S.K.: 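Have a look at this one before I ask anything.
None of these values were measured; they are calculated from a predicted model. Throughout, a chain's letter reflects where its sequence line sits, starting with A, and its residues are numbered from 1.
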2 protein chains.
Amino acid sequence: MVYRFSGRMGRVPESFLDELFRVSAVPGVISFAGGLPGSAYIDVEGLRDAARTVFSEDGRTALQYTTTDGYLPLREFIADRYRRRLGLPATPEEIQIVNGSQQCLDLVAKIFLDPGDAVGMERPGYLGAIEAFSLYEPVFCAVPLVEDGPDLDAFAALVREYAPKFFYGIPNSQNPSGRTYSQEKRRGVAEILEGTETVFYEDDAFGELFFDGKPRPPVKRYLPDLGIMSGSFSKIVAPGMRIGWLYAPEPILREFNVAKQAADLHSNFLCQVILHRYLATHDLDAHVARVSAVYGRQCRLMCDLLDDLMPPGVTHTVPEGGMFMTAALPDGVSSMDVFREGVREGVAVLPGVPFYVNGGGEDTIRLNFSAVGEEEITEGMHRLARVVRRLA
Amino acid sequence: MVYRFSGRMGRVPESFLDELFRVSAVPGVISFAGGLPGSAYIDVEGLRDAARTVFSEDGRTALQYTTTDGYLPLREFIADRYRRRLGLPATPEEIQIVNGSQQCLDLVAKIFLDPGDAVGMERPGYLGAIEAFSLYEPVFCAVPLVEDGPDLDAFAALVREYAPKFFYGIPNSQNPSGRTYSQEKRRGVAEILEGTETVFYEDDAFGELFFDGKPRPPVKRYLPDLGIMSGSFSKIVAPGMRIGWLYAPEPILREFNVAKQAADLHSNFLCQVILHRYLATHDLDAHVARVSAVYGRQCRLMCDLLDDLMPPGVTHTVPEGGMFMTAALPDGVSSMDVFREGVREGVAVLPGVPFYVNGGGEDTIRLNFSAVGEEEITEGMHRLARVVRRLA
């Protein structure tokens, strides 16, 4: 049987995401490969209570269809949090609820990209974004990510030469590198974009998870009309509910809403109502502080073990928050070999390759420190060190 | 501020869906415009009990990330129901869970359509499909829908001349017409497509809702390799959970899965688990029979009132199931006027226009008979008759 698939399907890089979720689930394998928040820090009881209340007070409404934009009280909560935490003048009319912030990647690409359009990315960049954008057949232009954010000369040259429809970045605890833009880089990026038509798409999945508990000012603060931000409850409440959002100027949000409606009418309403009930009756700040402290300890432990156990030539980033860091391997050691050998040894890591558009990343691995506890991090790092030593 | 949106956004017809959901919510307006199942027939208590069990037995898992394909026990339930109800040899590996079957419209278009490709549709056709497909910039080719399904000569000519990537149809209680393909038309469509490369995309949102309770054989039974089917729990359990699925041959489902992962990683897992628990512990057949009987009574009442109250020149379809029928207006009466005047009179209908690609439908309206009870149908039909008489 011959099926005539669209040209765009040939543009998708081979996916690791689903495979790594499967590897993560193999018993006995300690996985640093996935992107799961720690299961122990999901407030099951709190969400159960919220669900119970919703079913008894408002169940019939929450089980019906609703409008595309999403549950108004939830959008009010999100807008209010932007105002309070980040000093952004957000209103509920600028917020659209989506199925986890991954859906923003698809829909932002959909409303902006024609085939051949330029998209700016960090290098390395989030692989889920690369996958989602690829389906719109853009030309990827990447800016190297250095210690404290994008190389500004390269960023300015990219914007000037390619005038990308948007630049996609993760200024807070980037996936995969764990790097955070400095204040100077945030202003620098905004200054370069000011007066252009290139949108800055700020994926803020990890901004609540700084180990020091201090919010960093988003680029959007310096670039209100060209800045759009995506956010998610997956990392701070529960990923299984699939609730994220886009915060964008109204002309952009109108197009985004059209695309969202065509994509799936609206996001799961039951969970929107349950989540709002939970947020209205629980202290999210305290919960986030607890989770961030745990991730901070786990991150420091992982850094220390990398320093102590790995052979010479292994370096790593030192995250200020989030869930990921990147390690560079010794000369000649392939991240694909570390991935394959690692699974045999009972430890999973994610090769850097899928995070690099136009090639690269063979000598890096991404390590997640949120999903497994300190005991498993210790054991897993010992296993990983054995693998890397053997291959070095 | 100039935003450079993609060319595809200019292709989207003006949307009615969100507006009609809003109109449906205006107090005092009796709405035949929406597509809501009757709220009274959502089993809130049953779903509440299922949720309670899930939270206490498996809450932590259901609140985490999962794989893209969807919850295996739920896919097993769906495959088993295909085997039992429709005699289709379905396996869970051929089922992908999505956010309501609307998401199938987006993702099927995504995996098949390059700009300029031909898509076959019924005329009139489902407006949500027209909106979703439009974003992939196809050429629409439409086949008139007659009493018992598509005009087969026109269908054969369309397939021969345009070789569409797929033909999208709703053989059971079509939206908006309420028409159902005869057995002869089902075989005819399959015979015409056999040996071609045109996929038959069978949207089966309403196949469980025949008033006589008897399933009709899907076109896919006669066309296993070229047939794909979408289904949904929105009309038979609860729309607010946004859970539907695609059933397709494995080579198609593999591409579909890639597109789904890029779109939003996976559908809401919490609701997948709650829904499965509900289905495993409740009698869906009995529930569906109860709902279908109610809709059947409401449909007959609406037909009778149209016959009794409307001025000469008004005709209507006579559905065997589902939630919709179409009425044709007297010569010179515009459906947009009926829509606008109706809202003023306290009754909302949906103009036929958005269901017609390439123009048409000015003299038809779609009427929903599932969302409101018999008393409201009676009052609403009186209001509507006043509007049509005034305009005629």
S.K.: May I ask you to name which of Ala238(A), Ala259(A), Gly244(A) has the most heavy-atom pairs under 4.5 Å with chain B?
M.R.: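 Among Ala238(A), Ala259(A), Gly244(A), the one with the most close pairs to chain B is Ala238(A).
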S.K.: Is chain A contacted by the side chain of Ala40(B), its backbone, both, or neither, given a heavy-atom distance below 4.5 Å?
M.R.: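 Answer is backbone: N, CA, C or O of Ala40(B) sit under 4.5 Å from chain A.
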S.K.: Between Ala263(B) and chain A, which part of the residue has a heavy atom less than 4.5 Å away: side chain, backbone, both or neither?
M.R.: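 Backbone plus side chain of Ala263(B), per the 4.5 Å heavy-atom cut-off to chain A.
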S.K.: So which atom in Val54(B) and which in Arg277(B) form the shortest heavy-atom distance, rounded to 0.1 Å?
M.R.: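 For Val54(B) and Arg277(B), the tightest heavy-atom pair comes out as CG2-CB, 3.9 Å.
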S.K.: Quick one: which of Glu45(A), Glu197(A), Gln103(A) has the most heavy-atom pairs under 4.5 Å with chain B, could you say?
M.R.: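 Most heavy-atom pairs within the cutoff with chain B belong to Glu197(A).
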S.K.: Let me know if Ala163(B) has heavy atoms under 4.5 Å from chain A in its side chain, its backbone, both or neither.
M.R.: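 For Ala163(B), heavy atoms of backbone and side chain both lie under 4.5 Å from chain A.
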S.K.: Between Leu135(B), Leu107(B), Asp43(B), which residue shows the highest count of heavy-atom pairs closer than 4.5 Å to chain A?
M.R.: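 So the answer, after comparing Leu135(B), Leu107(B), Asp43(B), is Leu135(B).
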S.K.: Between chain A and each of Pro239(B), Ala262(B), Pro115(B), count heavy-atom pairs under 4.5 Å; write down the option with the most.
M.R.: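 Going by pairs under 4.5 Å, I would pick Pro239(B).
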S.K.: Under 4.5 Å, counting heavy-atom pairs only, tell me which of Gly59(B), Pro249(B), Pro37(B) racks up the most with chain A.
M.R.: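 Highest number of pairs under 4.5 Å: Pro37(B).
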S.K.: Give, as side chain, backbone, both or neither, the part of Thr198(B) having an atom under 4.5 angstrom from any heavy atom of chain A.
M.R.: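 Looking at Thr198(B), backbone and side chain both touch chain A.
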S.K.: Name the member of Asp264(A), Leu270(A), Leu113(A), Leu63(A) that forms the most heavy-atom pairs with chain B at distances under 4.5 Å.
M.R.: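 Option with the top pair count is Leu63(A).
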S.K.: Using the six-membered ring wherever Trp is involved, compare the ring planes of Tyr168(B) and Tyr201(B) and label them parallel, tilted or perpendicular (cut-offs 30° and 60°).
M.R.: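 Taking Tyr201(B) first and then Tyr168(B), their aromatic rings stand perpendicular (interplane angle over 60°).
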S.K.: Return the minimal non-hydrogen interatomic distance between Leu253(B) and Gln96(B), and the atom names on each side.
M.R.: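 Looking at all heavy atoms of both residues, the closest pair is CD1-CB, 3.8 Å.
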S.K.: Asp69(A) and Asn257(A): which non-hydrogen atoms are nearest, and at how many Å?
M.R.: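 In terms of heavy atoms, the two residues are closest at N-ND2, 3.8 Å.
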S.K.: Answer yes if the ring centres of Phe133(A) and Phe166(A) are under 6.0 angstrom apart, and no otherwise.
M.R.: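 For Phe133(A) and Phe166(A), the ring centres are under 6.0 Å apart.
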S.K.: Which atom names give the shortest non-hydrogen contact between Asn99(B) and Asn268(B), and what distance separates them?
M.R.: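 Nearest heavy atoms, Asn99(B) then Asn268(B): OD1-N, 4.4 Å.
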S.K.: At a 4.5 Å cut-off on heavy atoms, which part of Tyr3(B) comes close to chain A: side chain, backbone, both, or neither?
M.R.: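 Side chain of Tyr3(B) only, per the 4.5 Å heavy-atom cut-off to chain A.
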S.K.: Looking only at heavy atoms and a cut-off of under 4.5 Å, which of Cys104(B), Ser56(B), Gly7(B), Ser267(B) has the most pairs with chain A?
M.R.: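 Between Cys104(B), Ser56(B), Gly7(B), Ser267(B), the count favours Gly7(B).
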S.K.: Could you tell me which residues satisfy ring-ring contact (aromatic ring centres under 6.0 Å, His included) with Phe269(A), sequence neighbours excluded, listed by chain and number?
M.R.: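 Counting only residues at least two positions away or on another chain, Phe269(A) forms a ring-ring contact (aromatic ring centres under 6.0 Å, His included) with Tyr71(A).
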S.K.: Look at Ile252(A), Val98(A), Ile274(A) and state which one has the largest set of heavy-atom pairs under 4.5 Å with chain B.
M.R.: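 When all of Ile252(A), Val98(A), Ile274(A) are compared, Ile252(A) has the most.
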S.K.: Pick from Arg60(A), Arg48(A), Met241(A): which one has the most heavy-atom pairs with chain B under 4.5 Å?
M.R.: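 Option with the greatest count: Arg60(A).
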S.K.: Would you mind telling me which of Ala109(B), Ser101(B), Ala132(B) has the largest number of heavy-atom pairs within less than 4.5 Å of chain A?
M.R.: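 Counting heavy-atom pairs under 4.5 Å, the top option is Ala132(B).
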S.K.: Under a 4.5 Å cutoff for heavy-atom pairs, which residue among Leu105(B), Thr61(B), Asp114(B) has the most contacts with chain A?
M.R.: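 Of Leu105(B), Thr61(B), Asp114(B), Asp114(B) has the most heavy-atom pairs under 4.5 Å with chain A.
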S.K.: Would you name the heavy atoms of Ala190(B) and Leu223(B) that are closest together and state the gap between them?
M.R.: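 Looking at all heavy atoms of both residues, the closest pair is O-CD1, 3.6 Å.
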S.K.: Which value, rounded to the nearest 0.5 Å, describes the distance between His282(A) atom NE2 and Leu47(A) atom CG?
M.R.: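 Spacing of NE2 (His282(A)) from CG (Leu47(A)) equals 7.5 Å.
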S.K.: According to the interplanar angle, ranging from 0 to 90°, do the rings of Phe200(A) and Phe167(A) count as parallel (below 30°), tilted (30 to 60°) or perpendicular (above 60°)?
M.R.: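 Aromatic pair Phe200(A)/Phe167(A) classed parallel.
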S.K.: Could you tell me which residues satisfy ring-ring contact (aromatic ring centres under 6.0 Å, His included) with Tyr136(A), sequence neighbours excluded, listed by chain and number?
M.R.: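 Residues passing ring-ring contact (aromatic ring centres under 6.0 Å, His included) with Tyr136(A): none at all.
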S.K.: With a 4.5 angstrom heavy-atom cut-off, is it the side chain or the backbone of Gln272(B) that approaches chain A, or both, or neither?
M.R.: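 Gln272(B) has no heavy atom closer than 4.5 Å to chain A.
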S.K.: Top residue by heavy-atom pair count (under 4.5 Å) with chain B, among Arg52(A), Glu255(A), Glu137(A), Met1(A)?
M.R.: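 Most heavy-atom pairs within the cutoff with chain B belong to Glu255(A).
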